[in-house]
Amino acid sequence: MTDTKPFLTSSAPDLSILGDRVTFHPPGFTTSPEAPSSSEEPLLSSYARFRSAPFDFLREISLHVHGAGWRSYDNFVGQDIFYNGFSDRMKGMVMRNAQLRARIEGLAEKRVEVEKGEGLLRSGGDEQKAGERRRKEIEAQLTEVAEVWTDNMICKMESRRFIRGAYYLATQLLTRAYHQGIHVSSEEVLRLRSVAEEAAKKKHSIIFLPCHRSHVDYVSLQLICYRLGLALPTVVAGDNLNLPLVGSFLQHAGAMWIRRSFGDDALYTTLVQSYIDTLLQNGYNFECFVEGGRSRTGKLLSPKFGILSFLLDSVLSGRVDDAIVCPVSTQYDKVIEVDSYISELLGQPKPKENLMSFLSSSSVLSLKLGRVDVRFHEPWSLRGFIEEQKGRLSQLPPPINTRHDTGLKRRLLATLGYKVLSDINAVSVVMPTALIGTVLLTLRGRGVGKAELVRRVEWLSERVRAQGGSVAHFAGVSTEVVVERGLEVLGPTLVGVVEGLPENTYFAVDRFQLSFYRNMTIHLFVSQAIVSAALYMKVKQGGRPETQSMSYTELYDQVYFLSQLFRGEFIFPTTSLAENVDTTLRELEADNVIFVTRDPDKPSKVVSVGLSDAERASGRENYDFYCFLIWPFIEASWLGAISLMMLTPPAPTATFEGVGETHAAPNPNVWLELKKMQDQAQLLGKTLYHQGDLSYFEAVNKETLKNAYLRFEEEGIIAVSRSRDTKVPATVRIDQAWMPSRNDQGGLKAGGKLWEFAERINHFRREGKNRRDGATVQQRVIGLVQLVGQILWGDALDEARKSGGAAVDLANEAKRKRRRNAIQTKARL
């Protein structure tokens with residue numbers, strides 16, 4: 001019998017608004033399809049459409065244009081915005097900024113000195129006057145350039161009537177795509193409004209720092225602030241979105257345009273800092289995405305420190321008294337752009353930003369994509385954060401001079417970035433589609449029956465809450481109904497159903513795309529997944545239960561290796577590794593997934609760990625769940641390590657595909673183009689997957705492979721040369737100490753540091769029937785590596801011949817990066 005348990009948690013009520021009336025509901029309020037129609041709506045409700053209700057449509061437009069009731073946006077909390085002359089006033093304050101004036105004067109002075117040295121100024125008694133005239137000319141020119149840049153950059157909140165119309169238009173578009181609207185927590189919203197009122201009195205800005213999964217992120221937060229009567233923030237946006245017509249519209253709605261890369265442009269960098277200083281000094285709210293770009297994988301990306309550095313410097317320098325930081329989580333039942341994300345992750349070039357392509361994504365104007373959940377972490381003082389961190393750093397052995405230490409800002413910046421990510425994870429809501437996607441991708445079989453799917457979603461919901469997470473819940477609605485809605489949103493292209501059986505059976509149609517939704521839950525279970533994968537080294541060997549247990553020392557060693565391997569992939573707890581391992585073992589033991597043997601004389605000391613009898617009796621479904629979460633990432637790291645063998649220069653004589661000639665051995669210091677190397681790694685992964693040597697197609701994910709390459713670079717396995725000029729491609733070569741050797745026939749040998757490293761990762765991979773004959777697999781994998789490597793080197797040498805060798809031999813231009821803490825392996829990285 002199907003579960004009808006209500007999908008409910010005991011958290012604060014959600015908020016819905018009808019006209020001017022605010023109503024509180026149980027958490028996650030929504031209307032059941034069987035329930036009678038209600039007069040209450042979510043935070044944003046769909047407006048009337050002209051075809052179905054023309055008079056209501058015209059009436060609603062009139063209310064927004066004339067600003068009836070809350071639509072007037074006259075009594076918002078915060079500094080005054082949207083008035084005639086706002087842009088000119090802002091531009092004037094930026095241009096008068098002392099830091100900007102000093103930069104212009106300094107650049108002019110340096111230029112005059114250069115011209116003097118080159119003899120371009122008149123010598124003799126007039127040299128000083130000529131230099132002064134020239135300096136003023138250059139200052140005027142730089143000021144003119146800065147004025148143009150400022151005008152193109154700043155947001156232009158000029159018209160209250162404009163923002164009313166923009167709100168109406170944006171709500172029309174968003175509610176057509178996300179038909180269940182935007183949901184927020186009433187407790188969080190009331191707390192945010194209270195903080196905003198206090199900040200407005202002190203003229204402090206609220207800095208909203210959301211995660212970034214969709215272009216809808218920009219819109220949703222602006223709509224919430226407008227509807228709840230908060231001053232709209234100035235939103236940092238890349239100038240790649242500054243499209244004709246659309247760019248001007250967004251700029252007048254709150255967008256500030258910045259370059260994607262500043263390079264060595266000192267004037268532009270100072271201009272951005274001056275604008276941010278001006279905003280924060282005057283208490284204007286601010287918004288930027290801590291991850292930089294949109295996440296294509298569904299999980300949080302590592303923080304980007306560009307804009308964060310400007311914000312930190314404003315307060316750290318004392319130019320700004322204080323600002324209030326508010327991390328924001330935005331979750332979707334279904335992300336509009338996910339189809340294009342998958343194409344990019346599979347190696348297709350990113351299409352140029354285009355409004356019509358975005359609006360037509362998955363027929364955005366007609367599809368029902370569920371709802372958007374926005375959650376606000378408790379805001380905190382940036383000044384308070386800085387002082388707290390200074391106090392901690394000053395107590396470290398040896399103590400840091402927090403006044404003069406040049407590394408202070410770097411340390412503060414890293415801590416700030418990861419604290420914001422941790423806060424976002426803490427308030428993130430797991431959507432029903434994420435629960436369904438996670439369940440379907442962590443099953444051993446091909447599919448799952450309806451009743452079992454509902455049961456597993458209910459189990460996963462409980463596990464999410466036990467880990468301190470939140471689930472998007474629907475008061476009074478059974479889990480079965482929630483699952484049905486989630487399946488409807490995902491659609492038949494992602495989840496298929498086999499009908500005509502005693503029970504409808506659901507299966508993953510597009511596992512790669514479903515992994516986007518699975519990744520929305522993985523941050524809650526990273527520790528359990530890593531411990532489970534470490535223990536799997538023993539479990540997969542089979543035999544009696546006692547032979548499958550692992551000593552604590554060995555377990556800790558393996559967990560340390562995996563934690564270091566995925567240091568750039570996941571956001572880990574801030575506690576020490578030993579404390580995190582002990583906590584995770586206690587949780588798994590309490591859930592009866594593992595048994596823990598302790599020292600009789602010292603009960604706190606763990607001796608060994610193994611699977612519990614209860615977990616074995618249940619078919620290892622809970623243990624396997626954790627393994628299935630991490631296995632695709634383990635395979636991606638293994639693929640990345642194996643693909644590095646392609647960087648081995650060819651044998652003294654070799655014929656390359658596509659070149660058709662025999663070449664002498666290239667210089668061992670030859671550098672190859674990094675992007676082409678990664679493309680060939682994806683090609684290798686796709687081949688291994690289709691031939692059965694790779695279990696998960698998600699392992700060829702471009703972003704995951706890129707993260708693996710970054711870790712290998714940090715460890716000194718490879719060296720990467722990057723130019724400040726974005727038009728010059730990055731190049732890569734393998735370190736000599738890690739270079740694989742070749743046999744007498746010119747083939748790669750299965751040995752050496754790199755092979756041992758790949759083999760250690762291989763121990764954690766899921767056992768497959770196609771991989772049980774180790775020698776055969778080894779020969780097959782190395783053969784494919786050589787084959788794809790020949791293509792890579794053939795193309796590179798062909799280009800080098802055409803360009804006289806400049807495209808390949810870049811050894812003299814490379815600078816080795818300092819190695820960080822090494823991963824512990826038998827090869828001792």
Side-chain angles (χ1 to χ4, degrees), residues 442 444 459 463 466-467 522 524-567 570 572-573 575-631 633-635 637-638 756-757 759-768 771-772 774 821-829:
T442 54
R444 278 197 174 275
W459 174 86
R463 298 311 312 145
Q467 291 301 120
I522 195 170
L524 294 164
F525 307 108
V526 169
S527 298
Q528 291 88 341
I530 286 180
V531 168
S532 297
L535 186 60
Y536 184 70
M537 292 180 60
K538 289 285 188 180
V539 172
K540 72 176 181 180
Q541 294 176 3
R544 300 171 61 186
E546 54 268 23
T547 64
Q548 297 181 30
S549 64
M550 178 180 284
S551 71
Y552 178 81
T553 302
E554 184 181 1
L555 179 71
Y556 184 91
D557 184 51
Q558 305 303 340
V559 169
Y560 178 77
F561 174 80
L562 289 173
S563 298
Q564 291 295 302
L565 186 66
F566 295 127
R567 191 170 65 191
F570 302 113
F572 289 98
T575 55
S576 67
L577 180 63
E579 184 179 346
N580 187 35
V581 170
D582 290 343
T583 301
T584 304
L585 291 179
R586 284 197 300 271
E587 291 175 351
L588 291 173
E589 184 183 22
D591 293 337
N592 217 5
V593 176
I594 62 172
F595 71 83
V596 176
T597 303
R598 293 179 169 83
D599 188 334
D601 299 328
K602 191 177 180 182
S604 61
K605 182 179 179 181
V606 176
V607 177
S608 63
V609 177
L611 283 185
S612 69
D613 292 337
E615 183 64 21
R616 294 180 185 279
S618 67
R620 288 181 10 196
E621 70 173 4
N622 299 330
Y623 172 77
D624 285 350
F625 165 79
Y626 296 123
C627 289
F628 275 112
L629 284 177
I630 200 74
W631 273 334
F633 296 93
I634 291 174
E635 289 227 315
S637 293
W638 175 81
E756 289 179 11
F757 174 54
E759 277 296 284
R760 181 162 188 186
I761 300 174
N762 184 54
H763 292 324
F764 304 105
R765 296 173 65 206
R766 181 185 179 188
E767 184 74 0
R771 294 199 299 273
R772 290 178 180 171
N821 294 332
I823 301 175
Q824 298 298 318
T825 68
K826 291 180 181 179
R828 294 296 169 197
L829 298 191

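Here the structure is a predicted model, which means the values were calculated and not measured.
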NZ or CZ of R765 within 45° of W631 ring axis and under 6.0 Å: no
For residues T575 and N580, is any side-chain donor paired with an opposing acceptor at under 3.5 Å?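 No donor-acceptor contact under 3.5 Å links the two side chains.
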Just checking, is any N or O donor in the side chain of Y556 or D582 under 3.5 Å from an acceptor N or O on the other one? no
Rounded to the nearest 0.5 Å, how far does [atom2] of [Y] lie from [atom1] of [X]?
X    : Y    : atom1 : atom2 : value
L588 : S532 : CG    : OG    : 5.5 Å
S608 : F595 : OG    : CZ    : 5.5 Å
I634 : L629 : CD1   : CG    : 11.0 Å
R586 : I594 : CZ    : CD1   : 11.0 Å
F628 : R444 : CZ    : CZ    : 5.0 Å
L565 : I761 : CG    : CD1   : 5.0 Å

Pairwise side-chain contact, L585 with V609, heavy-atom cut-off 4.5 Å (strictly under): yes
Under a 4.5 Å cut-off applied to non-hydrogen side-chain atoms, are D557 and E554 in contact?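 Side-chain contact under 4.5 Å: no.
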L577/S563 under side chain to side chain contact (heavy atoms under 4.5 Å, CB included): CA gap, chis, key distance, verdict: CA-CA 9 Å; L577 180 63; S563 298; 3.8 Å; yes
Under 30°, 30 to 60°, or over 60°: which ring-plane class applies to F572 and F570, parallel, tilted or perpendicular?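 Rings of F572 and F570: perpendicular, over 60°.
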For F525 and Y626, take the angle between the two ring planes, folded into 0 to 90°, and tell me which bin it lands in: parallel under 30, tilted 30 to 60, perpendicular over 60. tilted
Can you give me the closest heavy-atom contact between [X] and [Y], atom names plus distance?
X    : Y    : value
L562 : A533 : CD1-CB, 4.1 Å
I522 : F633 : CD1-CE1, 3.4 Å
Y552 : V606 : CB-O, 3.3 Å
Q564 : R567 : OE1-NH1, 3.1 Å
L555 : A534 : CD1-CB, 3.8 Å
R620 : L611 : CD-CD1, 3.7 Å

Is there a donor-acceptor contact under 3.5 Å from the side chain of [X] to the main chain of [Y]?
X    : Y    : value
D591 : V593 : no
S612 : N592 : yes
Q467 : L524 : yes
Y623 : Y536 : yes

All pairs passing salt bridge (charged side-chain N to carboxylate O under 4.0 Å, His left out) where residues 604-616 contributes a residue, at least two apart: none
Please assess L535 against V531 for the test side chain to side chain contact (heavy atoms under 4.5 Å, CB included), listing each intermediate value before the final yes or no. CA-CA 6 Å; L535 186 60; V531 168; 5.5 Å; no
Are E589 and R598 ion-paired here, with the side-chain N under 4.0 Å from a carboxylate O?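 Salt bridge between E589 and R598, a charged N being under 4.0 Å from a carboxylate O: yes.
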Side chain to side chain contact (heavy atoms under 4.5 Å, CB included) for F764 and Q558? Distances and angles first, verdict last. CA-CA 9 Å; F764 304 105; Q558 305 303 340; 3.2 Å; yes
Step by step, would you call Q548 with Q541 a side chain to side chain contact (heavy atoms under 4.5 Å, CB included)? CA-CA 7 Å; Q548 297 181 30; Q541 294 176 3; 5.9 Å; no
